[in-house]
Number of protein chains: 2
Amino acid sequence: MFSKATEYALRATIYIAQKSSITNKLSLAEIANAIDSPPSFTAKILQLLTKDNCVINSVRGPNGGFYITDKAKQLQLRKVLEALNENDMFDKCILGLKKCSENKPCPMHFQYKPIKQQLIHLFHVNTIQQLAEKTDHRNLFNNDI
Amino acid sequence: MFSKATEYALRATIYIAQKSSITNKLSLAEIANAIDSPPSFTAKILQLLTKDNCVINSVRGPNGGFYITDKAKQLQLRKVLEALNENDMFDKCILGLKKCSENKPCPMHFQYKPIKQQLIHLFHVNTIQQLAEKTDHRNLFNNDI
DNA sequence: ATAATTAAAGACAAAATTACCCTTAATTAT
DNA sequence: ATAATTAAGGGTAATTTTGTCTTTAATTAT
Ligand code: FES
Ligand code: FES
């Protein structure tokens, strides 16, 4: 469905929303370990999310790390997709036509349309905070049994 | 959503179902042109679909090409995903966890679940033929305005 | 039989994605 | 001020996906 980069971005954002605060920043190492992602690659993705402090914030130096503000927690989850440039994901034709349109619909268009809208809705109605509250803090992403 | 390979496979299958018959086989060149895909790459994908004649059939030599039997037209669209090894697409966790399960659901699991089921349903209930009938023959995949 | 045509098969190349490493800059603690 | 810590940034490497090309095999038409 999503690229690895986007998966890591979503997991990292939710994790940071669960565990961080302005007084308790999370290091790259902790985040990457918690969400089971390659640290260096995760660093790049976190940079995208901190660009213009659009989703998360970061501070360098001792006791530095990543955190998210209460305000940013109220952002739609869609903002994460935007930061990864994968926000147009759900505008696309499921069969890969250059343009998904009602005028020249592909054979799957009208059946896919309501599903597509639910996917868009999913990332629109949920705020980062709401997602963060959905699972208990302990073993959020450790389901690798 | 899908890989290029899968997109081409779906488009090619639907196109072949629309235009081919045992007496009117379609050449690689015609198919690739019609569905707007790179010919050589499309050749590889058509090979996957003809493997064990699971979805489409092919004949070499003059007046050879690709076609689909009436029987195969009754196959679920899901068979195309299977041939491309992308059938497990909708079993996966939307956040990329190794396992999508009810026991250890990710924060999006229960909201994503009904959408996932509709996606699965989409590829289960539609036969290749049904999709082929959904659009007129002329400019099926030429929506590149 | 021979030549022409078409897909199959394999090797290869390009591009994109994913991942890693090293240096730099910022911040903090001492 | 100095040293330690941490993210930022740049370059590069590995892997996967996408795309190309050439040869081979099968089939048909002559
Ligand atoms: S045209 Fe294919 S999904 Fe809209
Ligand atoms: S566990 Fe994430 S979608 Fe089911």
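Any value given below was found using the heavy atoms of this structure, including those in side chains, with hydrogens, waters and symmetry copies removed. Fair warning: this is a prediction, and the values are worked out from it, not measured in the lab.
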Trainee: So what does B/L26 touch, heavy atoms closer than 4.0 Å: a base, only the sugar-phosphate, or nothing?
Mentor: sugar-phosphate
Trainee: Just how far, in rounded Å, is P of C/dT5 from CG of B/L28?
Mentor: 16 Å
Trainee: Taking the cut-offs as 6.0 angstrom to the six-membered ring centre and 45 degrees off its axis, would you call A/K25 and A/Y67 a cation-pi pair?
Mentor: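 Judged by the rule (NZ or CZ under 6.0 Å from the ring centre, within 45° of its axis), A/K25 counts as positioned above A/Y67.
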Trainee: Just call it for B/S40: base, sugar-phosphate, or nothing, with non-hydrogen atoms closer than 4.0 Å on any strand.
Mentor: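 Base contact.
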Trainee: Is the phosphate of C/dT5, meaning OP1 or OP2, less than 4.0 Å from a side-chain N or O of B/N63?
Mentor: no
Trainee: At under 4.0 Å, does any side-chain N or O of B/S58 touch on OP1 or OP2 of C/dA8?
Mentor: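 Yes, B/S58 has a side-chain N/O under 4.0 Å of OP1/OP2 on C/dA8.
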Trainee: Return the pairing partner of C/dA16 with a 3.5 Å limit on both distances, Watson-Crick or G-U wobble; otherwise return none.
Mentor: D/dT15
Trainee: Looking at A/N24 and A/K19, would you say the former's side chain and the latter's main chain have a donor-acceptor pair under 3.5 Å?
Mentor: yes
Trainee: How is A/A5 classified with respect to the nucleic acid when contacts are heavy atoms under 4.0 Å: base, sugar-phosphate, or nothing?
Mentor: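 Sugar-phosphate: the residue A/A5, judged by heavy atoms under 4.0 Å, touches backbone atoms but no base.
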Trainee: Would one find a side-chain N or O of A/Q47 under 4.0 angstrom from OP1 or OP2 of D/dG9?
Mentor: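 It does, given that an N or O in the side chain of A/Q47 lies less than 4.0 Å from OP1 or OP2 of D/dG9.
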Trainee: Can you tell me if B/T50 uses its side chain to pair, donor with acceptor, with the backbone of B/Q47 under 3.5 Å?
Mentor: yes
Trainee: For A/E86 and C/dT17, give me the distance from atom CD to atom P, rounded to whole Å.
Mentor: 9 Å
Trainee: Nearest to the side chain of A/Y8, which nucleotide is it out of C/dT6, C/dA19, D/dT20?
Mentor: C/dA19
Trainee: Closer to the 5' end of DNA chain D via nearest nucleotide, is it A/K44 or A/G64?
Mentor: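 It is A/G64 whose nearest nucleotide is closer to the 5' end.
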Trainee: Find the distance B/Y67:OH to C/dA7:P and express it as a whole number of Å.
Mentor: 13 Å
Trainee: Side chain of A/F66, heavy atoms from C-beta onward: which of D/dA8, C/dT18, D/dT20 has the nearest atom to it?
Mentor: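 Comparing D/dA8, C/dT18, D/dT20 against the side chain of A/F66, the answer is D/dA8.
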Trainee: Assert yes or no for the condition that the ring centre distance of A/F123 to A/F2 is strictly below 6.0 Å.
Mentor: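 Yes, ring centres under 6.0 Å apart.
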Trainee: Please give me the minimum heavy-atom distance between B/V80 and B/V55, naming the atom from each residue.
Mentor: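 Distance-wise, the nearest heavy atoms are CG2-CG1, 4.4 Å.
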Trainee: Please report the distance, rounded to the nearest Å, between CZ in A/F41 and C1' in C/dA19.
Mentor: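 Those two atoms, CZ and C1', are 7 Å apart.
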Trainee: Starting from the 5' end of DNA chain C, give me the residue, A/R60 or B/R60, whose nearest nucleotide shows up first.
Mentor: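 Closest to the 5' end, via its nearest nucleotide, is B/R60.
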Trainee: Once you round it to whole Å, what is the distance between P of D/dA8 and NZ of A/K25?
Mentor: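 Value for this atom pair: 13 Å.
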Trainee: Considering only D/dA25, D/dG19, D/dT5, which nucleotide approaches the side chain of A/P62 most closely?
Mentor: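 Within the option list, the nearest is D/dT5.
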Trainee: Using whole Å, what does the distance between atom C1' of nucleotide D/dG19 and atom CD of B/E7 come to?
Mentor: 15 Å
Trainee: Is there a side-chain contact between A/T50 and the phosphate of D/dA7, meaning an N or O under 4.0 Å from OP1 or OP2?
Mentor: no
Trainee: Without decimals, in angstroms, what is the distance between A/I45 CD1 and C/dT17 P?
Mentor: 12 Å
Trainee: Between atom CG in B/L46 and atom P in D/dT18, what is the gap in whole Å?
Mentor: 15 Å
Trainee: Counting only side-chain heavy atoms from C-beta out, which of C/dT27, C/dA7, D/dT20 sits nearest to A/V59?
Mentor: C/dT27
Trainee: For D/dT30, what is the paired nucleotide under Watson-Crick or G-U wobble rules, both distances under 3.5 Å?
Mentor: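 Paired with C/dA1.
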Trainee: Looking at B/H124, I want to see if its NE2 is surrounded by more than 12 non-hydrogen atoms of other residues, nucleotides or ligands under 6.0 Å.
Mentor: yes
